[in-house]
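Scope of the values below: all heavy atoms of this structure, side chains included, with no hydrogens, waters or symmetry mates. For reference, positions follow the sequence shown, starting with 1. Both counts, for ligands and for their atoms, begin at 1 and track the order of listing.
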Amino acid sequence: MRAVRIDEFGGPEVLVPVDVPDPVAGPGEVLVRIVAAGVNRVDALLRAGVYHRAGRPPLIPGAEAAGVVAAVGEGVTGFVPGQRVVTLDAGKSPGFYAELVAVPATQVVALPDGVDLVQAAALPVAWLTAWYCLRTLARVSKEDTVVVKAAASGVGTAAVQIAAEVGARVVALAGSPEKAAWAGEFGAHVTVDTSAYPDDAEVEEVLRLTDGRGADVVLDTVGGRAFGRSLREVGQGGRVVALANVALEPSTVDTRDFYPKNASILGFQLTNRQLHGYDPRADLRDIVDRVAAGVFRVPVETVVPLEEARAAHERLASRENRGKIVLAVGEE
Ligand SMILES: NC(=O)c1ccc[n+]([C@@H]2O[C@H](COP(=O)([O-])OP(=O)(O)OC[C@H]3O[C@@H](n4cnc5c(N)ncnc54)[C@H](OP(=O)(O)O)[C@@H]3O)[C@@H](O)[C@H]2O)c1
């Protein structure tokens with residue numbers, strides 16, 4: 001089969017198309033013929049060699065995909081060849097920048113007809129992350145004001161919609177006027193173009209928008225300097241959910257004003273949840289059902305062929321992407 005492999009850590013140019021042997025479905029596994037594979041910031045961190053669980057090259061990146069069941073391994077029930085499915089990785093290599101993947105059946109969810117496979121491929125990582133962080137960890141309610149950082153990102157666009165659906169007031173922060181306006185289209189009640197509010201001014205603006213009280217929940221996908229701002233933007237007894245795998249804005253953090261607020265910092269790592277027994281299927285089904293019903297919109301801005309995975313990573317590096325980038329791998 002064709003796959004895209006990293007033989008050494010580096011820039012987008014290390015993503016090289018190769019021929020590798022077809023995988024087979026072992027006991028408890030489903031062999032999926034991939035139609036589309038999602039691209040995530042985490043893949044770029046893995047490619048660069050700065051993601052803590054990257055392992056050593058050669059590596060096939062990719063943590064999510066949608067496609068069609070090609071075969072099922074011994075003991076698998078509930079899946080048949082030809083069925084449309086979405087799947088995510090269970091914290092092991094090889095990944096999903098490939099034509100075929102064998103995954104544990106516990107990581108596979110059947111798709112209703114109404115859900116397009118390109119959109120489905122963009123769901124698992126960003127949407128499960130935002131869903132778990134907001135609903136399970138931060139327990140967002142309709143009484144809350146939720147600040148979403150990098151609100152035009154893959155995780156951000158999911159988070160804005162998930163918090164808005166719960167009934168919370170959503171303040172979306174994004175790094176350009178276009179990104180901020182766009183985040184508003186997903187149900188954010190207030191949008192802030194952070195390029196107009198650098199550093200301390202961002203904190204002042206969030207405090208102004210929350211009548212000086214600070215936010216109940218801050219979803220921090222950026223880390224570093226942005227995390228320092230999050231600690232100042234959260235209010236008394238609030239929750240900061242920190243999920244940047246690697247700080248995108250490195251810095252030291254001043255916690256002086258944070259401790260008197262008795263607020264919480266909730267750390268999150270999707271792969272840890274999976275490795276430690278979190279079964280993502282119920283949450284993923286809830287998300288898929290809402291996509292099928294038109295409640296959630298999955299913005300896929302760029303689709304490139306598998307062989308051009310390098311171009312997908314160059315697009316991510318531009319920081320101009322709004323929503324998700326997907327690799328087109330095969331026909332349905
Ligand atoms: N913990 C987990 O399990 C988990 C799971 C999924 C994702 N994540 C993390 O969540 C974040 C978002 O992921 P994603 O796939 O949605 O990312 P993405 O679509 O690539 O968006 C990342 C956004 O971060 C903002 N940003 C701020 N400083 C940046 C910098 N120096 N370089 C690049 N971007 C910068 C940019 O938005 P603005 O221009 O609007 O500032 C950018 O669009 C990443 O940090 C990722 O590692 C964590």
Side-chain angles (χ1 to χ4, degrees), residues 12 38-48 50-54 61-64 88-89 91 121-134 136-137 147-162 171-184 186 188 191-199 202 219-230 241-251 265-276 278 280 283 298-302 312-326:
V39 174
N40 289 286
R41 175 73 45 183
V42 179
D43 305 344
L45 300 172
L46 179 146
R47 186 209 69 224
V50 296
Y51 183 41
H52 63 90
R53 53 159 285 262
E64 59 186 358
L88 74 158
D89 98 286
L123 283 175
V125 173
W127 284 80
L128 279 174
T129 296
W131 183 273
Y132 196 96
C133 286
L134 293 175
T136 306
L137 281 183
V147 168
V148 177
K149 303 215 155 175
S153 69
V155 176
T157 43
V160 166
Q161 294 178 71
I162 291 165
V171 178
L173 272 48
S176 70
E178 295 77 22
K179 282 184 174 181
W182 195 67
F186 293 94
T191 59
V192 179
D193 161 22
T194 50
S195 66
Y197 296 95
D199 297 320
E202 176 192 304
L219 187 72
D220 187 335
T221 49
V222 179
R225 258 199 332 272
F227 179 65
R229 294 194 291 275
S230 298
V241 187
L243 60 103
N245 306 90
V246 175
L248 299 177
E249 289 187 12
S251 79
I265 302 173
L266 304 164
F268 176 79
Q269 174 70 62
L270 181 64
T271 42
N272 281 354
R273 294 296 180 292
Q274 290 170 233
L275 293 173
H276 295 118
Y278 163 60
D283 287 351
V298 188
V300 175
E301 67 130 39
T302 303
H313 279 227
E314 284 167 350
R315 176 74 185 154
L316 259 191
S318 76
R319 196 174 160 174
E320 285 170 9
N321 67 297
R322 297 187 303 189
K324 294 276 300 198
I325 300 169
V326 169

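For the pair L123 and E64, the tightest heavy-atom approach, listed with the atom from each and the gap, is C-OE1, 3.8 Å. The nearest pair of heavy atoms linking V160 to A183 is CG1-O, 4.0 Å. Heavy-atom minimum distance, S230 versus K149: OG-NZ, 3.0 Å. Considering every non-hydrogen atom in both A122 and V326, the closest pair reads CB-CG2, 4.0 Å. Across T191 and A180, no two heavy atoms sit closer than the pair CG2-O, 3.2 Å. Taking both residues in full, the closest heavy atoms of S195 and G175 are given as CB-O, 3.6 Å, listed atom of the first, atom of the second, then distance.
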Verify side chain to side chain contact (heavy atoms under 4.5 Å, CB included) between L316 and N321, making sure each step is shown before the conclusion.
CA-CA 6 Å; L316 259 191; N321 67 297; 3.8 Å; yes

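In R41, the parts holding a heavy atom less than 4.0 Å from any atom of ligand 1 are both the side chain and the backbone. Contact annotation: for V222 versus ligand 1, heavy atoms closer than 4.0 Å belong to the side chain alone. Only the side chain of L316 comes within 4.0 Å of ligand 1, judged by heavy-atom distances. Residue-level proximity to ligand 1 for V125 is carried by the side chain, the only part with a heavy atom below 4.0 angstrom.
When the options K324, K179, R315 are evaluated for a salt bridge (charged side-chain N to carboxylate O under 4.0 Å, His left out) with E301, the one that passes is R315.
Taking only non-hydrogen atoms, the option from V241, T221, V42 nearest to atom 45 (O) of ligand 1 is T221. For the residues E320, R225, R319, the heavy atom positioned nearest atom 28 (N) of ligand 1 is part of R319.
At least one heavy atom of L45 sits closer than 4.0 Å to an atom of ligand 1.
In terms of polar-atom proximity, L173 is not counted as a contact of ligand 1, lacking any N or O under 3.5 Å from an N or O of the ligand. Ligand 1 has a nitrogen or oxygen under 3.5 angstrom from a nitrogen or oxygen of F268. Between T129 and ligand 1, not a single N/O pair is under 3.5 Å apart. Considering backbone and side-chain N/O of T194, none are found under 3.5 Å from N/O of ligand 1. Checked by distance only, ligand 1 and V155 come closer than 3.5 Å through their nitrogen or oxygen atoms. Residue T271 places no N or O, backbone or side chain, under 3.5 Å from any N or O of ligand 1. For ligand 1, one of its N or O atoms has an N or O atom of L243 under 3.5 Å away. Considering both main-chain and side-chain atoms, A150 never comes within under 3.5 Å of ligand 1 through any nitrogen or oxygen pair.
By the 4.0 Å N-to-carboxylate-O rule, E202 lies too far from R225 to be salt-bridged with it.
Within ligand 1, the atoms closer than 4.0 Å to a non-hydrogen atom of G154 are 16 (O), 19 (O), numbered from 1 in the order shown. Residue A174 has at least one heavy-atom neighbour below 4.0 Å for each of these atoms of ligand 1: 40 (O). Contact atoms of ligand 1 toward L270: 2 (C), 3 (O) (distance under 4.0 Å to a heavy atom of the residue). Heavy-atom contacts of G175 reach the following atoms of ligand 1: 38 (P), 39 (O), 40 (O), 41 (O) (cutoff under 4.0 Å). Per-residue contacts place N321 under 4.0 angstrom from the following atoms of ligand 1 (heavy atoms of the residue considered): 19 (O).
Put simply, the side chain of D43 does not reach to within 4.5 Å of the side chain of Y51, judged on heavy atoms.
Between the side chain of T221 and the backbone N or O of A244, no donor-acceptor pair lies under 3.5 Å.
Within the model, atoms CG of L243 and CZ of F268 stand 7.0 Å from one another, a figure rounded to the nearest 0.5 Å.
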